[in-house]
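This report concerns only the one structure given below.
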Amino acid sequence: MTPEQLSHAISACLSDAVASGELSVEVPDTVRVERPKSREHGDWATNIALQLGKRAGMNPRELARLLSERLRAIPGVDSVDIAGPGFLNIRLDAAAAGGLARDIVQAGAAFGTGDALAGTHINLEFVSANPTGPIHLGGTRWAAVGDSLARIFQAQGAEVTREYYFNDHGAQIDRFARSLLAKAQGQPTPEDGYAGQYIDEITARVLEIEPDILSAADPQERFRAVGVEMMFGEIKASLHDFGVDFDVYFHEDSLHQGGKVEALLEQLKSSGSLYFDAGAWWLRSTDHGDDKDRVVIKSDGNAAYIAGDIAYIQDKRERGFDLNIYMLGADHHGYVARLKAAAAALGHDPACVEVMIGQMVNLVKDGVPVRMSKRAGTVVTLEDLVDAVGVDAARYALTRYSSDSNIDIDLDLLQQKTNDNPVFYVQYAHARSRAAARNAAAAGVDRSGFDAALLTHATENELLAVLAQYPHQLAGAAEHREPHRVARYLETLAGAYHRWYGATRVAPLSGEEVTDLNRTRLWLNDATTQVLANGLALLGVSAPEKM
RNA sequence: GCCUUCGUAGCUCAGUUGGAUAGAGCAGCGGACUUCUAAUCCGCCGGUCGCGCGUUCGAGUCGCGCCGAGGGCACCA
């Protein structure tokens, strides 16, 4: 019996009590069932009596008593105790708890998935780094977190489009092109230009493709066209090697081609969505929490940058997305209000725009923060990180922390102490369970028999309980947009598995006969393998057969 | 000044939407492999949850005010 099933059973008990007239309260849709911190408090606990006591006008302990009598009658429930102010502590019999092992194996990759987001079309925009250089650590964090989040959404039934917005329209692209041109001409980096080894490399490659580029009519334009395309290629390749592939690479330039932005702005002007003041046209972003309204059309008649954002949202809506999520760095948190205001001006519900603000990744060297500067060429890139620790460790390290917290990356430390990375703890649990299965097979243990009542060891009770929490953890990760919950859960699961492994055996000792206990434990072993694999897949981390 | 994120063990961080005695890893100390992987496990040590009020049966979690750290506050893109 899973916590979900128990939750439903408790709801049914509440409804029954209402029907019999012993209770008068609105029965909630879901009853929260938790794993108590202390094992003395049973397998599962609920505080539902405390929550409903006031609304029902009843002493919580009395309400708990009504519930406990009904719960005891449910098959699989071993005992129900009332504790403290009205907690219900529930114990299941081993057979009821152990059935989960078989359920998980049979569900396979589908175990843990849900339908909370079924039918929802989500546009998830992340990374979106300017094509003026390689992806740095900040972008790498969003690549890992964003891709994982996309996988988590899909596991809840959503249709997800991973989108990358290329800012290839503005002045920073010109600076990039000027930097390439200057390099090719043997001149120093322009005042506001970009420097770094990658500039040298891109320049050299452009010259290789177009040897006569410097004598072209407009060499800077040629460098812009070829160099930017080359940078796109580099970025896409790095992300692909990182296990992140976008469905759509959206070019800002495409919004401006054919006067689309201008036409949309005219429409907004005439519909009264923008207002005119002091020679400029403004967006009412203060309605959505901004400090001040934002200029959309400057007094010189040109569109401000935000005009592109407005057109972009409109484009996304026209492509049919219910939910448009922007993953931005903390240095862009001021964009939240204007993006929501943009949606509102277009006549959309601002709730269709959701902005996730993630904190910064800092580079640390010998315990001292180091400023990363693209122009100075001191950036640490996605490729640097992968070269140092590999894709699995890099993705895991970036995904296991809440996006709300800053993270410090010390490249030297990561290189020296890779074994401290918890990813190995989780991966090892998977590899170990696979080894246990191989050995079991060699000893003649198969899954022909299953008797859940045999799973009585304390570590088995614990492992089953942790396994049972996976669907809820996954749903929470999707709901809160927090992939780190999956990583933390996997660490807990790996711990429960390692303890079980140390305390029991799947395969019989040599000379012993294969029993149903061995077979049943193989189910439990394989169930753990499955959940570890399912969770690691959501993080984009491999689940090795051997380590 | 305003907005925003953070402040939990020596260090890095969780904390299941307000529950019972606040957890894990690392670091430190002490144990466990003549049988499925010791990249593991067990034990010990370690806390005024930044500070103060408030909300209520109950606060690390919610509200307000301070203190401290990071990031923002353009008719730039």
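Protein chains get the first letters and strands the later ones, always in sequence-line order, with residue 1 at the start of each.
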Checking contacts here: which listed nucleotide ([options]) is nearest the side-chain heavy atoms of [X]?
X: A280(A); options: U5(B), G72(B), C75(B); answer: C75(B)
X: K298(A); options: C75(B), U35(B), G71(B); answer: C75(B)
X: D404(A); options: A14(B), C6(B), A77(B); answer: C6(B)
X: A83(A); options: U37(B), A20(B), C75(B); answer: A20(B)
X: Y425(A); options: C41(B), U35(B), G70(B); answer: C41(B)
X: Y428(A); options: A38(B), C42(B), C73(B); answer: A38(B)

If pairing requires Watson-Crick or G-U wobble contacts with both distances under 3.5 Å, which nucleotide is the partner of [N]?
N: G68(B); answer: C6(B)
N: G63(B); answer: C53(B)
N: C73(B); answer: G1(B)
N: U21(B); answer: none

Less than 4.0 angstrom between a side-chain N/O of [X] and OP1 or OP2 of [N], yes or no?
X: R432(A); N: U40(B); answer: no
X: K546(A); N: A39(B); answer: no
X: K292(A); N: A74(B); answer: no
X: H484(A); N: G15(B); answer: yes
X: S405(A); N: A14(B); answer: yes

Note, Y275(A) side chain near D293(A) side chain (heavy atom, < 4.5 Å): yes
Give a yes-or-no answer on whether the side chains of S433(A) and N525(A) include a donor-acceptor pair shorter than 3.5 Å. no
Under 4.0 angstrom, heavy atoms only, what part of the nucleic acid is S402(A) near: base, sugar-phosphate, or nothing? sugar-phosphate
Contact class for Q172(A) vs. all strands (heavy atom < 4.0 Å): base, sugar-phosphate, or nothing? sugar-phosphate
Verify the neighbour count for atom CD of Q257(A): are there more than 12 heavy atoms of other residues, nucleotides or ligands below 6.0 Å? yes
Cation-pi geometry met for R400(A) and Y396(A) (6.0 Å, 45°): no
Take atom P in A24(B) and the same atom in A9(B), then report the distance between them in whole Å. 14 Å
Test applied, side chain to side chain contact (heavy atoms under 4.5 Å, CB included); reference residue, M327(A); option that passes from R141(A), E125(A), R481(A), M356(A): M356(A)
